[in-house]
Amino acid sequence: MSVKECGNHGEGRRKLFRRIIAGILIFLVIVLLTILLIWAILRPSKPRFILQDTTVYAFNASTPNFLTSNFQLTLSSRNPNDRIGIYYDRLDVYATYNNQQITLRTSLPPTYQGHKEINVWSPFINGNSVPIAPEFSASLGSEQAAGSIFLMIRIDGRVRWKVGAFVSGRYHLYVRCPAYITFGSRSNGIMVGGKRY
């Protein structure tokens, strides 16, 4: 008997393997095109936050390594999206000095922000005898004596996006708003670009 060599051993497996790989690649291309198309139609943008006003009711850094403060902020948030709404599930506002938290977190009420809407909040943030690092205590006292300090107002929270009937999962939101606070007689007027108006 003679042995027949057909040379096609394993060719069926290779064809099956190629078809599976081609199917996976086609599926991935379709998914990526769908995501790109949705992004192109919706043009999603993050909300824009503006610190409109800061009123200082108390600011006492005279006790070494402790700070007592009380501020009222006016914050606004604008949703720039045409077709996307935003659910603010949790928003916490607080102040920091040189990356050290100097007030307690104040929670803003959960809310929904529709397309192109603006929300305004006026929370009070305060801290009573908050311990601060010794090096920050000295610099904070000298800045206050000089008539102005630079703080960072921070907003941390969780948001969900709404497109039609679809509501996404929760995402983190981190906002940083610089605040230049003046004290004493220099606090009359608004400082804009080095000029007082």
Using modelled atom types only, decide if a donor and an acceptor are shared between the side chain of [X] and the backbone of [Y] within a distance under 3.5 Å.
{"X": "Gln100", "Y": "Ala133", "value": "yes"}
{"X": "Gln144", "Y": "Phe59", "value": "yes"}
{"X": "Asp89", "Y": "Val159", "value": "no"}

How about [X] and [Y]: does a side-chain donor come under 3.5 Å of a side-chain acceptor?
{"X": "Ser168", "Y": "Arg160", "result": "no"}
{"X": "Tyr180", "Y": "Ser148", "result": "yes"}
{"X": "Ser107", "Y": "Asp92", "result": "yes"}
{"X": "Ser76", "Y": "Gln52", "result": "yes"}

Worksheet item: Which pairs with one or both residues in residues 127-143 pass side-chain hydrogen bond (donor to acceptor under 3.5 Å, both in side chains), sequence neighbours excluded?
Response: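 Of all non-adjacent pairs touching residues 127-143, those that pass side-chain hydrogen bond (donor to acceptor under 3.5 Å, both in side chains) are Tyr97-Ser139, Tyr97-Glu143.
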
Tell me whether [X] shares a hydrophobic cluster with [Y], the cluster being built from Ile, Leu, Val, Met, Phe, Trp, Tyr side chains joined at under 4.5 Å.
{"X": "Phe27", "Y": "Ile35", "result": "yes"}
{"X": "Leu67", "Y": "Tyr94", "result": "no"}
{"X": "Leu28", "Y": "Leu37", "result": "no"}
{"X": "Val130", "Y": "Met152", "result": "no"}

How far does [atom1] of [X] sit from [atom2] of [Y], to the nearest 0.5 angstrom?
{"X": "Leu108", "Y": "Asn119", "atom1": "CG", "atom2": "CG", "result": "10.0 Å"}
{"X": "Ile86", "Y": "Asn81", "atom1": "CD1", "atom2": "CG", "result": "6.0 Å"}
{"X": "Gln113", "Y": "Ile118", "atom1": "CD", "atom2": "CD1", "result": "8.5 Å"}
{"X": "Asn98", "Y": "Ile132", "atom1": "CG", "atom2": "CD1", "result": "10.0 Å"}
{"X": "Asn60", "Y": "Ser69", "atom1": "CG", "atom2": "OG", "result": "9.5 Å"}
{"X": "Leu104", "Y": "Thr106", "atom1": "CG", "atom2": "OG1", "result": "7.0 Å"}

Kindly indicate whether the side chain of [X], heavy atoms from C-beta on, has any atom under 4.5 Å from the side chain of [Y].
{"X": "Lys116", "Y": "Arg78", "answer": "yes"}
{"X": "Leu73", "Y": "Ile153", "answer": "yes"}
{"X": "Thr55", "Y": "Phe71", "answer": "no"}
{"X": "Asp156", "Y": "Leu173", "answer": "no"}
{"X": "Ser77", "Y": "Asn79", "answer": "no"}
{"X": "Ile50", "Y": "Leu75", "answer": "no"}

Do you know which two heavy atoms are closest between [X] and [Y], and how far apart they sit?
{"X": "Pro134", "Y": "Asn65", "answer": "CA-OD1, 3.1 Å"}
{"X": "Pro80", "Y": "Arg48", "answer": "CG-NH1, 3.6 Å"}
{"X": "Leu51", "Y": "Pro178", "answer": "CD2-O, 3.9 Å"}

Discussion item. By the ring-ring contact (aromatic ring centres under 6.0 Å, His included) test, which pairs, at least two apart or in different chains, include something from residues 100-143?
Written reply: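 For residues 100-143, and leaving out neighbouring residues, the ring-ring contact (aromatic ring centres under 6.0 Å, His included) pairs sorted by first residue read Tyr57-Phe124, Tyr87-Tyr112, Tyr88-Trp121.
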
Worksheet item: Would Thr96 and Ile102 count as a side-chain contact (heavy atoms from CB on, under 4.5 Å) if you check the C-alpha gap in whole Å, the side-chain angles of each, and the deciding distance to 0.1 Å?
Response: CA-CA 5 Å; Thr96 62; Ile102 60 169; 5.7 Å; no

Worksheet entry | Audit row: Arg154, Asn99, side-chain contact (heavy atoms from CB on, under 4.5 Å) steps and yes/no | CA-CA 10 Å; Arg154 298 184 181 218; Asn99 292 324; 2.6 Å; yes

